[in-house]
Protein chains: 2
Amino acid sequence: MAGVSPGTVSRALADSPLISAKTRERIQAIAREHDFRPNAVARNLRTQRTGAIGVVIPLGHETGQHISDPFFMTMLGLLADSLTERGYDLLLSRIIPSDPQWLSRMASSGRVDGLIIIGQSDQAATLDAVAARYRPLVVWGGHVEGQVHCSVGSDNRLGGEIATAHLIARGARRIAFFGDPRAREIAQRLEGCRAAMAAAGLSHALQLFPTHLVADTSHADIVRFLGEQGKDGIDGIVAASDVIASSALRAMVSLSLHAPDDIRVIGYDDLPIARQTLPRLSTIRQELTAGADALVDLLFRRIGGEDCASFVMPPKLIVRHST
Amino acid sequence: MAGVSPGTVSRALADSPLISAKTRERIQAIAREHDFRPNAVARNLRTQRTGAIGVVIPLGHETGQHISDPFFMTMLGLLADSLTERGYDLLLSRIIPSDPQWLSRMASSGRVDGLIIIGQSDQAATLDAVAARYRPLVVWGGHVEGQVHCSVGSDNRLGGEIATAHLIARGARRIAFFGDPRAREIAQRLEGCRAAMAAAGLSHALQLFPTHLVADTSHADIVRFLGEQGKDGIDGIVAASDVIASSALRAMVSLSLHAPDDIRVIGYDDLPIARQTLPRLSTIRQELTAGADALVDLLFRRIGGEDCASFVMPPKLIVRHST
DNA sequence: TTGAAAGCGATACCAC
DNA sequence: GTGGTATCGCTTTCAA
């Protein structure tokens, strides 16, 4: 085309040092003129790197969930900022892991240089299996003893315990836990909740209501549950997330139940929405900004070959007006 | 490996109909055992399709902006839902178009099957140039006569006019427009604002304050501007977005200015945050859900070879308590 | 400093 | 039905 070999063109366009300045100039000029641009896919195939990080949201226990869920969006935004800052793109997938191969398919597809999984869902075993062979993998979620995959998240058990103890301290006795314990983080929060109830001698008074995470479908269920229970059935709700808590608060309004007088409600996450409910939501704060930074940081350390442990952050009680 | 040719393996794993059931079974079994997974990048290279759509946020006029901006995140979530529903992944890039090649590089990199651009920024000319040659491209933003690229967005000029007319109807006379007109949508909103002022014989009383879109850096500027103006300088603010409006409301609080009594404030977008300001924000609603669906729909029609026009949605005045 | 040629890992066409 | 083989578009040794 320009009278040189493809190899030379490649070098010229890559600003390789082992090429004369004038041939480089000439080739770049011609490339610009015919606006030629190297095909990234071919380059990826050859170099075995892509400059993209896969962000995946596994929905093992929850098929209806949308990416536009406030928690995911918050996390996603933070990850996007952090990754694009480092010059990486994000490949976003929502996956319903019907097929147990879902993760290793992503991992060895060659489309990404690393993987960030948001939430373990009910796939902790799969994550462990893949993590054993695929290094550049980090997970937002709960940590347990002996876990193979590297995770970042708050101490969910402690968070659940603090939340419940707070409700008890405020006078609640008949408490319901709203959340689906098939997800590891939720299971840990429930565990903490149980511990706090036991410590107060209230083990018998805990009800588990396995709300779906999906706001739309769960809301009707919540209304029904609260309708049946009334304020005589329960006087406290430990919600596994702010989204669930805010749904519960709205349900209470529609049933003329008042928070905190009739039922005290506490959430988890401290998303922006927690400040916008009526009454404003007491909750357990997770530092998502720090969490996202840690995820990205650990991921790149692992890409670099380093081996690094999970990162567990302390949860923090935020008292507002719903308790 | 299994005693057959690579071609046969490929067919077996792709469930091709021209292969015997038993060889298929046998090969798939072997593949599963050694957990072999085809390399997607190589496949992409050969088939020239990737199953991914690029979503890019050009920041031509605004380098500090983050993806976690509420408008982007809302739009991104809606697009992600819609695209993943159709089995496509999202490749998310934040691009600062210092290099005029930024778009065509993305387009012809072969990494994506189509491109959705969020906001024209100041790159409308580039978009037109690329759209002339690259079909699968749709843009969120403003539409102008003779525009080459296919866009989806609200009628920004009309929206700006409605917003301003509303302020005037509420008694505002000395109005400031907050927004950077280098972005096409903003320029159109400003144009509408000017028209409404002219219609009321108030052309002389319009001030333009070219706020940055970035919340952090602009806030201080807004405080300074409002401090200088005071309530005698202006009695109405037409903000180019809800984010800017909410920043203005907070600035007013810190200056002991009251909305709507001292200064009436109206936003644009009707994001969730508009309902959470104090006082709650009057604004011009854009139907983002419909917009995202339209973007995706038009994109796939264009990928299918169809030619389709821009889509302009009617803006709608939402009156709350800030005006 | 440049050219030739060997892959990267699949798919698809063409014979058999 | 299945096996060979060219090809997708680039990068990168190895020689010259």
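Chain identifiers are assigned alphabetically (A, B, ...) following the order of the sequence lines, protein sequences preceding nucleic acid strands; residue numbering begins at 1 within each chain. Quick note: numbers below take in every heavy atom, side chains included, and nothing from hydrogens, waters or symmetry partners.
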What residues 10-20 of chain A contributes to the DNA chain C interface at heavy-atom separation below 4.0 Å is A/R11, A/L18, A/I19, A/S20
Between B/T8 and A/A40, the residue closer to the 5' end of DNA chain D by nearest nucleotide is B/T8
Across all chains, not counting sequence neighbours, the salt bridge (Lys or Arg N to Asp or Glu O under 4.0 Å) partners of A/R32 are none
Applying salt bridge (Lys or Arg N to Asp or Glu O under 4.0 Å) to B/R46 and not counting sequence neighbours gives none
Any ion pair linking [Y] and [X] (charged N to carboxylate O, less than 4.0 Å)?
X	Y	result
B/D307	B/R135	yes
A/R182	A/D122	no
A/R86	A/D81	no

Dump the intermediate steps for side-chain hydrogen bond (donor to acceptor under 3.5 Å, both in side chains) on A/T50 and A/D113, then the final yes or no. CA-CA 6 Å; A/T50 65; A/D113 296 341; 3.1 Å; yes
Please tell me whether [X] and [Y] have a donor and an acceptor in their side chains that are separated by less than 3.5 angstrom.
X	Y	answer
A/W102	A/Q123	yes
A/D35	B/Q101	no
A/H143	A/Q188	no

side-chain hydrogen bond (donor to acceptor under 3.5 Å, both in side chains) filter on B/D89, not counting sequence neighbours, yields A/S93, A/R111
Under a 4.0 Å heavy-atom criterion, DNA chain C is touched by chain B from C/dG9 to C/dC13
Between CG of B/N44 and P of D/dC10 the distance, given in whole Å, is 15 Å
Distances under 3.5 Å between nitrogen or oxygen atoms of protein and nucleotides 6-9 of chain D:
{"residue": "D/dT7", "atom": "O2", "partner": "B/R46", "partner atom": "NH1", "Å": "3.1"}
{"residue": "D/dC8", "atom": "O3'", "partner": "B/Q48", "partner atom": "NE2", "Å": "3.3"}
{"residue": "D/dG9", "atom": "N2", "partner": "A/A42", "partner atom": "O", "Å": "3.4"}

